[in-house]
There are 2 protein chains.
Amino acid sequence: MVTRSGKPSRERIVAGAADMISRRGLSATSIREMAKHAEAPLGSTYHYFPEGKQQLATEAVRFTGEWVARSLRKELEAGPAAGLSAFLDLWRGIVVGSDFHAGCPVLAVAIEEPPADGVPPALVAAAEVFEQWEALLAASLREHGAGSEQAAQLATLVVAAVEGTVAMCRAKRSTQPLDHTAEQLQALISAATRR
Amino acid sequence: MVTRSGKPSRERIVAGAADMISRRGLSATSIREMAKHAEAPLGSTYHYFPEGKQQLATEAVRFTGEWVARSLRKELEAGPAAGLSAFLDLWRGIVVGSDFHAGCPVLAVAIEEPPADGVPPALVAAAEVFEQWEALLAASLREHGAGSEQAAQLATLVVAAVEGTVAMCRAKRSTQPLDHTAEQLQALISAATRR
DNA sequence: GCTAGACTATGACGGGCGTTATAGCCAGGG
DNA sequence: CCCTGGCTATAACGCCCGTCATAGTCTAGC
């Protein structure tokens with residue numbers, strides 16, 4: 001019953017899976033590689049995630065979602081502009097720190113075609129994570145004077161723009177897109193809360 | 001020497017590859033499936049694209065890039081706002097027409113991790129396509145009164161936001177993100193050219 | 001100390017992958 | 001009429017995939 005390394009090992013697998021998915025995409029990441037990357041035996045992945053790859057992907061998405069949301073919640077206490085800066089810096093750190101190899105695992109999962117029957121849980125999780133990030137930003141914008149509809153639209157724009165920009169940075173092997181997007185979004189947020 | 005079906009067949013393979021990549025991503029799309037989707041024999045793909053999957057992916061990216069650029073160039077004659085509308089409608093059509101299964105193949109290629117040695121040509125092509133779309137938008141913005149730096153930043157924001165939004169629409173199985181982003185970007189373009 | 005149950009080790013299953021090789025078809029030009 | 005060369009058909013190569021089954025190991029609680 002819950003040996004010493006149970007939680008660490010499980011968590012290591014999820015975190016590693018998120019990292020690998022953010023680099024190669026879901027379908028290009030094999031369970032065997034995820035296990036090896038986490039220094040866990042293959043059998044353990046099916047022990048911890050009996051529903052297989054989909055479950056692992058779902059948890060990786062949620063893990064990333066919660067990790068980003070934590071940072072967002074904390075920085076948004078200082079206002080929407082600070083939250084945006086934290087959001088931008090977080091992704092800039094990932095892109096630069098991986099030498100333009102890694103991006104957002106949530107985006108990677110979001111663009112995988114669902115099977116003909118039904119929607120896979122990992123895709124649902126991706127939608128929920130986007131929703132959560134938007135909701136955090138929108139709430140903060142509203143608290144700082146933005147109109148309700150304007151706040152929702154702006155929150156969507158911020159999340160979408162940053163996700164798209166990170167992908168563009170990877171393709172171009174440059175942070176210039178992130179610089180451009182950052183300036184534009186900062187001006188927008190500042191205008192929307194000025195009142 | 002150029003039999004009757006030579007060009008049609010080759011082009012069909014490229015167009016089909018772009019469609020499949022936009023749905024499943026590059027690594028999840030097999031050459032066998034691309035051939036079948038284009039009703040071409042497997043051998044033909046290696047006849048037309050002797051460098052294999054990477055070449056096919058590269059051409060699919062460039063094909064999509066040129067297709068979008070053509071539409072963009074034409075609509076931008078009526079100004080940046082019209083160009084933006086066309087850009088948004090184009091992607092909305094793809095997302096809705098595929099029942100949220102398809103997205104942008106350029107984005108799909110952009111987020112695949114390059115091998116340790118060197119940058120694959122498909123990724124370079126993706127960067128060039130993004131650059132091209134940005135350049136078209138930026139030039140039009142400058143022609144309509146936007147400052148040079150502002151035009152470049154805004155063009156990046158538009159491309160990144162639309163790419164990100166399309167992915168969000170797929171995850172949420174809704175066009176609401178596209179509606180939000182469209183309104184925000186339209187207001188931005190209109191403000192940047194008003195003068 | 002023993003036993004139950006959490007974890008690991010190992011190997012197999014059928015199947016799809018990218019790529020290559022080889023032989024065959026069949027229209028056009030000489 | 002033949003033959004060249006673009007295109008196709010077919011099969012094979014070695015490799016990796018997701019998943020499952022089974023037997024083993026080790027520890028925590030009694």
Side-chain angles (χ1 to χ4, degrees), chain A residues 1-14 16-17 20-21 23-61 108-109 112-118 120-123, chain B residues 1-14 16-17 20-21 23-61 108-109 112-118 120-123:
Chain A
M1 313 126 175
V2 179
T3 55
R4 85 248 173 279
S5 68
K7 230 176 53 192
S9 179
R10 208 195 120 102
E11 199 163 315
R12 240 190 9 256
I13 295 176
V14 172
M20 300 195 68
I21 291 171
R23 295 169 182 266
R24 339 225 262 215
L26 176 51
S27 59
T29 305
S30 76
I31 292 203
R32 272 171 248 256
E33 286 172 317
M34 297 194 225
K36 183 167 291 182
H37 185 272
E39 291 175 299
L42 173 61
S44 294
T45 62
Y46 282 95
H47 174 75
Y48 291 121
F49 313 98
E51 283 158 65
K53 196 178 188 180
Q54 266 297 320
Q55 184 185 358
L56 193 31
T58 305
E59 299 213 16
V61 166
V109 167
E112 301 254 342
E113 184 172 45
D117 59 324
L123 188 56
Chain B
M1 311 127 171
V2 179
T3 56
R4 84 249 173 279
S5 68
K7 231 177 53 194
S9 178
R10 208 195 120 102
E11 200 162 314
R12 237 190 9 256
I13 296 175
V14 172
M20 299 193 68
I21 291 171
R23 295 168 182 267
R24 338 223 261 215
L26 177 51
S27 59
T29 305
S30 76
I31 291 204
R32 273 172 247 256
E33 286 172 318
M34 296 194 225
K36 183 168 290 183
H37 184 272
E39 290 175 301
L42 172 61
S44 295
T45 61
Y46 282 95
H47 175 75
Y48 291 120
F49 313 97
E51 283 158 66
K53 195 178 188 179
Q54 266 297 320
Q55 184 184 357
L56 193 32
T58 305
E59 300 213 15
V61 166
V109 167
E112 301 254 341
E113 184 172 46
D117 59 325
L123 188 55

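Labels below follow one simple rule: chain letters A, B, ... track the order of the sequence lines, proteins then strands, and each chain is numbered from 1. We use all heavy atoms of the structure for the numbers below, so side chains are in, but hydrogens, waters and symmetry mates are not.
A/Glu39 has its CD atom 17 Å from the C1' atom of C/dC7, to the nearest Å. At whole-Å resolution of the value, NZ in A/Lys36 and P in D/dG18 are 13 Å apart. Here D/dG18 presents its C1' atom at 12 Å from CG of A/Leu26, a figure rounded to the nearest Å. Summarising the geometry, the separation between CD on A/Glu33 and P on D/dC16 is reported as 10 Å, rounded to the nearest angstrom. Between the OH atom of A/Tyr46 and the P atom of C/dA9 there is a distance of 17 Å, rounded to whole Å. The distance from atom CD of B/Gln54 to atom C1' of C/dC17 is 15 Å, rounded to the nearest whole Å. When rounded to the nearest whole Å, the span between CD1 of A/Ile31 and P of C/dC13 equals 20 Å. As a whole-Å value, the separation of A/Leu56 CG from D/dC17 P is 14 Å.
Across all non-hydrogen atoms, the minimal contact from B/His37 to B/Gly16 is ND1-CA, 3.7 Å. Closest heavy-atom contact between A/Leu26 and A/Ala57: CD1-CB, 3.7 Å.
Between A/Met34 and A/Gly43, the residue whose closest nucleotide on DNA chain D is further toward the 5' end is A/Met34. For A/Leu42 and A/His47, each mapped to the nucleotide of DNA chain C holding its nearest heavy atom, the one lying further toward the 5' end belongs to A/His47.
Using a 4.0 Å heavy-atom distance criterion, A/Glu51 is classed as making no nucleic acid contact. No engagement by A/Ser27 is indicated, since no non-hydrogen atom pair under 4.0 Å with the nucleic acid exists.
Between B/Ser30 and the phosphate of C/dC17, there is a side-chain N or O to OP1/OP2 separation shorter than 4.0 Å. The side chain of A/Ser44 places no N or O atom within less than 4.0 Å of a non-bridging phosphate oxygen (OP1 or OP2) of C/dC7.
Side chains of B/Glu33 and B/Ser30: a donor on one and an acceptor on the other come within 3.5 Å.
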Audit row: A/Phe49, A/Gln54, side-chain contact (heavy atoms from CB on, under 4.5 Å) steps and yes/no
CA-CA 9 Å; A/Phe49 313 98; A/Gln54 266 297 320; over 6 Å; no

Could you go through B/Met34 and B/Thr29, starting from their C-alpha distance and side-chain angles, then the distance that decides it, and tell me whether this counts as side-chain contact (heavy atoms from CB on, under 4.5 Å)?
CA-CA 7 Å; B/Met34 296 194 225; B/Thr29 305; 3.6 Å; yes

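Residue-to-nucleotide contacts include no donor-acceptor pair under 3.5 Å from the side chain of B/Arg32 to the base of C/dG16.
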